[in-house]
Protein chains: 2
Amino acid sequence: MRKDAVHNRERLLRAARSLFADRGLDVPLEEIARTAGVSIGTLYNRFPTRQALVDAVFEDRTAVVARLAEEALAADDAWEGFVAFLTGVCELQAADLGYNDVAVRGAAAGESAGGYSLMRRIVARAHASGQLRADVTLEDMAFVTWGIAATVRATFRVAPGAWRRHLALTLDGLRASSAARTGPLPAPPLTPEQTAALMPECG
Amino acid sequence: MRKDAVHNRERLLRAARSLFADRGLDVPLEEIARTAGVSIGTLYNRFPTRQALVDAVFEDRTAVVARLAEEALAADDAWEGFVAFLTGVCELQAADLGYNDVAVRGAAAGESAGGYSLMRRIVARAHASGQLRADVTLEDMAFVTWGIAATVRATFRVAPGAWRRHLALTLDGLRASSAARTGPLPAPPLTPEQTAALMPECG
DNA sequence: AACGAAGGTGAGGCGCCTCTCAGGTTGCGC
DNA sequence: GCGCAACCTGAGAGGCGCCTCACCTTCGTT
């Protein structure tokens with residue numbers, strides 16, 4: 001790839017990163033090109049589809065989530081690790097409206113098979129320590145992602161930190177001590193197949 | 001209003017109701033008119049803005065929610081009433097993608113000042129019975145609405161009942177017994193002013 | 001039955017966004 | 001410094017949805 005092409009690619013990514021973060025994934029491509037100081041044609045040269053651009057912009061997030069997951073597994077207390085991981089993911093969602101959209105549209109927290117299998121271990125460890133309620137599964141983590149994403153979207157202008165309260169309540173519902181209910185949960189967890197249908201990236 | 005105008009109005013409402021339910025609030029107005037067997041001009045004659053149409057379509061929901069609230073207050077057990085109310089509202093959201101959108105965009109569960117003050121009583125009663133955790137407020141109900149709405153949107157095609165599981169976990173987090181955490185919730189509840197800013201209908 | 005007001009119609013203007021392509025420009029290996 | 005492949009450009013075609021308005025039809029009243 002030629003030097004100017006690389007340069008333009010970077011300018012486009014910078015512009016897209018910033019606009020996505022502020023306004024979500026639905027920014028006009030023309031505006032991204034203009035912000036980058038480049039023509040719309042060049043944008044299409046570098047990124048043939050909108051999805052290609054989105055993927056490139058959020059590529060690094062996979063590694064960030066993986067690092068969060070590893071830190072969670074390294075935590076002394078399994079529950080604290082579990083909480084820290086979900087909090088970290090939600091912080092990413094809250095800090096970037098574009099990533100928030102990504103979390104809703106497809107790859108929830110654990111995009112990519114790698115992150116997903118780390119998450120499985122975080123959940124397993126929290127189960128083993130007896131602090132995560134036994135009837136909750138890995139697939140239920142999507143509920144957390146979707147719920148917090150929705151609260152972030154609704155409140156980020158008026159009450160930027162409100163999602164932390166929502167998350168805290170959600171996490172309290174996932175504690176083993178909360179399972180003191182009559183009977184089992186009213187619906188089975190999403191199957192891995194259903195999860196895969198909803199979030200293809202989480203092989 | 002002339003007879004044919006009334007007739008067309010009803011045809012438009014029927015068409016809008018059905019399309020909104022299946023596809024959410026973002027259906028083209030032209031398609032609604034076509035489905036109603038009426039011209040786009042007539043749609044604009046009856047409903048000068050999209051919002052006017054949406055309001056008319058979901059007008060009756062206010063009464064439904066109010067009835068749910070009254071039933072909740074009449075329940076023997078305060079917590080059961082609380083759960084029944086939120087379940088009922090979420091059932092409305094799950095049954096109608098358009099109403100689901102309405103719940104997200106503005107008036108959450110309790111649209112209209114009337115429904116909202118009934119909700120306040122439901123929460124107060126659940127507090128008084130000691131079953132709803134004390135640090136949860138009326139304003140926190142919006143988290144439930146937003147969260148379930150997001151899960152409904154994400155799963156309704158692949159796993160239509162999955163939201164019930166999400167709701168059950170959420171409700172478990174709202175039980176008094178779940179408050180066994182270290183320290184207070186990490187963020188204050190939304191203030192009534194913030195809630196009003198987000199959902200103007202809930203005076 | 002005749003008339004005026006209310007209502008219906010749909011082509012067309014407008015704005016917004018996506019995507020293409022013919023023509024001009026530039027980096028880079030030789 | 002030649003030449004070509006890679007690259008950039010931006011006008012414009014095309015699609016979609018919103019909304020208007022000039023013209024025609026129908027209702028309902030007298």
Side-chain angles (χ1 to χ4, degrees), chain A residues 1-59 96-102 104-106 153, chain B residues 1-59 96-102 104-106 153:
Chain A
M1 199 155 86
R2 243 166 61 177
K3 190 171 53 177
D4 54 346
V6 175
H7 182 229
N8 284 337
R9 193 186 132 92
E10 241 127 61
R11 305 229 297 170
L12 283 164
L13 283 177
R14 253 198 303 280
R17 227 185 299 274
S18 154
L19 288 170
F20 285 162
D22 288 349
R23 314 229 310 263
L25 247 34
D26 284 335
V27 182
L29 295 178
E30 312 238 23
E31 188 170 353
I32 294 174
R34 197 178 340 120
T35 305
V38 139
S39 83
I40 180 67
T42 297
L43 189 155
Y44 277 94
N45 278 345
R46 297 293 121 243
F47 305 99
T49 68
R50 186 185 208 94
Q51 189 57 46
L53 175 59
V54 170
D55 287 348
V57 163
F58 295 106
E59 199 184 9
D96 188 319
L97 224 47
Y99 187 65
N100 198 51
D101 285 351
V102 170
V104 173
R105 317 261 244 250
R153 261 240 172 253
Chain B
M1 200 155 88
R2 244 166 60 177
K3 190 171 55 178
D4 54 345
V6 175
H7 181 229
N8 282 336
R9 193 186 131 92
E10 241 127 61
R11 305 230 297 171
L12 282 164
L13 282 176
R14 253 198 304 281
R17 229 186 297 275
S18 154
L19 288 169
F20 284 162
D22 288 348
R23 315 229 309 264
L25 247 32
D26 284 335
V27 181
L29 295 178
E30 313 241 17
E31 188 170 352
I32 294 174
R34 198 179 340 120
T35 305
V38 137
S39 83
I40 180 68
T42 296
L43 189 155
Y44 277 95
N45 278 346
R46 298 292 123 243
F47 305 100
T49 68
R50 185 185 208 95
Q51 190 56 47
L53 176 59
V54 171
D55 287 348
V57 164
F58 295 107
E59 200 184 7
D96 188 319
L97 225 47
Y99 187 66
N100 198 50
D101 285 351
V102 170
V104 173
R105 316 262 243 251
R153 260 239 173 256

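Worth knowing before you read on, the calculation uses all heavy atoms, side chains too, and leaves out hydrogens, waters and symmetry mates. Below, read A as the first sequence line, B as the second, and so on, with proteins coming before strands; counting in each chain starts at 1.
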With a 4.5 Å heavy-atom cut-off, do A:Phe20 and A:Leu53 have their side chains touching? yes

Report the distance from atom CZ of B:Phe47 to atom P of C:dG7, rounded to the nearest whole Å. 13 Å

Measure across A:Leu97 and A:Asp22 and return the closest heavy-atom pair with its distance rounded to 0.1 Å. CD2-O, 3.6 Å

What contact category does A:Arg46 fall into here, base, sugar-phosphate, or nothing, at under 4.0 angstrom with non-hydrogen atoms? sugar-phosphate

Contacted region of DNA chain D by chain B, from 5' end to 3' end of the hits, cut-off under 4.0 Å to heavy atoms, spans D:dG17 to D:dG28

Which of B:Val102, B:Thr49, B:Asp101 passes side chain to side chain contact (heavy atoms under 4.5 Å, CB included) with B:Val54? It is B:Val102

Describe, in one word, how the ring planes of A:Phe58 and A:Tyr99 are oriented to each other, choosing from parallel (under 30°), tilted (30 to 60°) and perpendicular (over 60°). tilted

So, using salt bridge (Lys or Arg N to Asp or Glu O under 4.0 Å) as the criterion, who are the partners of B:Arg46 when residues are at least two apart? none

Name every residue in residues 1-21 of chain A that has at least one heavy atom under 4.0 Å from any atom of DNA chain D, in order of residue number, or write none if there are no such residues. A:Met1, A:Arg2, A:Asp4, A:Ala5, A:Asn8

Taking only nitrogen or oxygen atoms into account, show me every contact under 3.5 Å that the protein makes with nucleotides 18-22 of chain C, one pair per line with its distance.
| residue | atom | partner | partner atom | Å |
| --- | --- | --- | --- | --- |
| C:dT18 | OP1 | A:Arg50 | NH1 | 2.5 |
| C:dT18 | OP2 | A:Leu29 | N | 3.0 |
| C:dT18 | O4 | A:Glu30 | OE2 | 3.4 |
| C:dC19 | OP2 | A:Tyr44 | OH | 3.1 |

Salt bridge (charged side-chain N to carboxylate O under 4.0 Å, His left out): which pairs involve residues 3-20 of chain B, sequence neighbours left out? B:Arg2-B:Asp4

Which pair of non-hydrogen atoms, one from B:Ile32 and one from B:Val27, has the smallest distance, and what is that distance? CG1-CG1, 4.1 Å

Check B:Pro28 against B:Arg23 and note the closest heavy-atom contact, atom names and distance. CD-NH2, 4.1 Å

Side-chain donor/acceptor pairs under 3.5 Å, residues 33-44 of chain A, sequence neighbours excluded:
| residue | atom | partner | partner atom | Å |
| --- | --- | --- | --- | --- |
| A:Thr35 | OG1 | A:Glu31 | O | 2.7 |
| A:Ser39 | OG | A:Gly41 | N | 3.3 |
| A:Ser39 | OG | A:Thr42 | N | 3.3 |
| A:Ser39 | OG | A:Thr42 | OG1 | 3.4 |

Can you see which heavy atom on B:Leu13 is nearest to which on B:Val57, and at what distance? CD2-CG2, 3.7 Å

